[in-house]
Number of protein chains: 2
Amino acid sequence: MIKVSRLADYAVVVLVAFTRSDDALLSAAALADKTKLPEPTVAKVLKLLAKDNIVKSIRGAGGGYSLDKPIGNISIAEIVKAVDGPIAVTSCVDGATGSCDYEGCCAVKGRWNPVNVALHSALENVTLADMTS
Amino acid sequence: MIKVSRLADYAVVVLVAFTRSDDALLSAAALADKTKLPEPTVAKVLKLLAKDNIVKSIRGAGGGYSLDKPIGNISIAEIVKAVDGPIAVTSCVDGATGSCDYEGCCAVKGRWNPVNVALHSALENVTLADMTS
DNA sequence: ATCAAATAGTATAAAAACAGTACTCTTTAT
DNA sequence: ATAAAGAGTACTGTTTTTATACTATTTGAT
Ligand code: FES
Ligand code: FES
């Protein structure tokens, strides 16, 4: 079963929570409260999203996270990439991290590329806005 | 990292091997030899593919597997489904096997459906033929 | 009939990935 | 100075994946 991690699922929940709040700046604790998700989990997700600039973070007392792009501009592809790492359908696709044991003798080396491209563009064309409607 | 299982990758290797052989009927052992993959692995893949009628199996002495569809008619979606199970991007998507702990209070219940649909159609539109060319 | 070749189905053990949590460090408003 | 809040990292238990093994069934050949 092809699937995204649970954390990616949480990421969507958290991001959607932003759109349902009047405050632009929300702390991890506040978001945990809103989403009813465990606070450490929410904190972890937000750190990952911040690293890829999907949310903006402000450190220090009174800090928190904010969403400064419109949600129609945030694709599922970038959320998944931020949380689960690069989208690579097999280990022998272009840009995959590890490499494959059979590379030397393999009959389908690189053949998954078209699949990977298809997958990637499918995920790029779904935005957060599509998931809240 | 979104990915298909290793077995799905092997499945493609094995299916491609069919197209490079003169014999229509090949045993698991013969395919293992052709693909240089370990025989138990090849056997396992073929069993799964046979169960979903992607290959046809003939039991008994002198038996083996054959491919009776043109490879242009075999989509990656069906291979992945046969080997890895249904394509369900999260556990709370329509048609997923298990169900989710947060179903009761979740803000994005079913929201991954559009993603799942996009993914599925992406995989349906790539055939084995696209991977051998 | 018997044997051997071959697939079907199930079970097992080791390895890898994931999920959840905890802890320390740095930044910043008061 | 202090406390609030994010950044970064590390750890542990659980789950999934991977690879293999074993038994049962089918079928052609002797
Ligand atoms: S199976 Fe990885 S290079 Fe082919
Ligand atoms: S996280 Fe599963 S129903 Fe929402």
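Proteins come first, then strands; the chains are lettered A, B, ... in the order of their sequence lines, and each starts at number 1.
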_Residues in contact with DNA chain C, drawn from residues 49-65 of chain A - heavy-atom cutoff 4.0 Å_ =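 Heavy-atom cutoff 4.0 Å gives A:Arg59, A:Gly60, A:Ala61.
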*Nearest 0.5 Å, what's the CD-CD1 distance between A:Glu124 and A:Ile76?*
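Going from the CD atom of A:Glu124 to the CD1 atom of A:Ile76 covers 11.0 Å.
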Note, [X] side chain near [Y] side chain (heavy atom, < 4.5 Å):
X	Y	value
B:Leu26	B:Lys34	yes
A:Val4	A:Ile79	no
A:Val13	A:Val45	no

Separation of atom [atom1] in [X] from atom [atom2] in [N], rounded to whole Å:
X	N	atom1	atom2	answer
B:Ile2	C:dA17	CD1	P	16 Å
A:Leu48	D:dT9	CG	C1'	12 Å
B:Leu46	C:dG9	CG	P	13 Å
B:Lys47	D:dA19	NZ	P	15 Å

Side chain to side chain contact (heavy atoms under 4.5 Å, CB included) against [X], all qualifying residues, sequence neighbours excluded:
X	answer
A:Ala122	B:Ala118, B:Ala122
B:Ser5	B:Leu7, B:Ala8, B:Val83, B:Asp84
A:Ala129	A:Ile71, A:Thr127

Distances under 3.5 Å between protein N/O atoms and the N/O atoms of nucleotides 13-18 of chain D, please, pair by pair.
unit_1 : atom_1 : unit_2 : atom_2 : d
D:dT18 : OP1    : B:Arg6 : N      : 3.3
D:dT18 : OP2    : B:Arg6 : N      : 3.4

*Does B:Thr41 or A:Glu39 map to a spot on DNA chain D nearer the 5' end, using the closest nucleotide for each?*
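Its nucleotide being nearer the 5' end, the pick is A:Glu39.
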*Checking all strands, does A:Ala28 fall into the base, sugar-phosphate, or nothing category for heavy-atom contacts under 4.0 angstrom?*
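Here A:Ala28 touches the backbone only, sparing every base.
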*DNA chain C: 5'-proximal contact among A:Pro40 and B:Ser27 (nearest heavy atom)*: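 Between the two, 5'-proximity favours B:Ser27.
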*With sequence neighbours excluded, what pairs up with A:Asp33 under the salt bridge (charged side-chain N to carboxylate O under 4.0 Å, His left out) test?*
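Listed in chain order: nothing, the list is empty.
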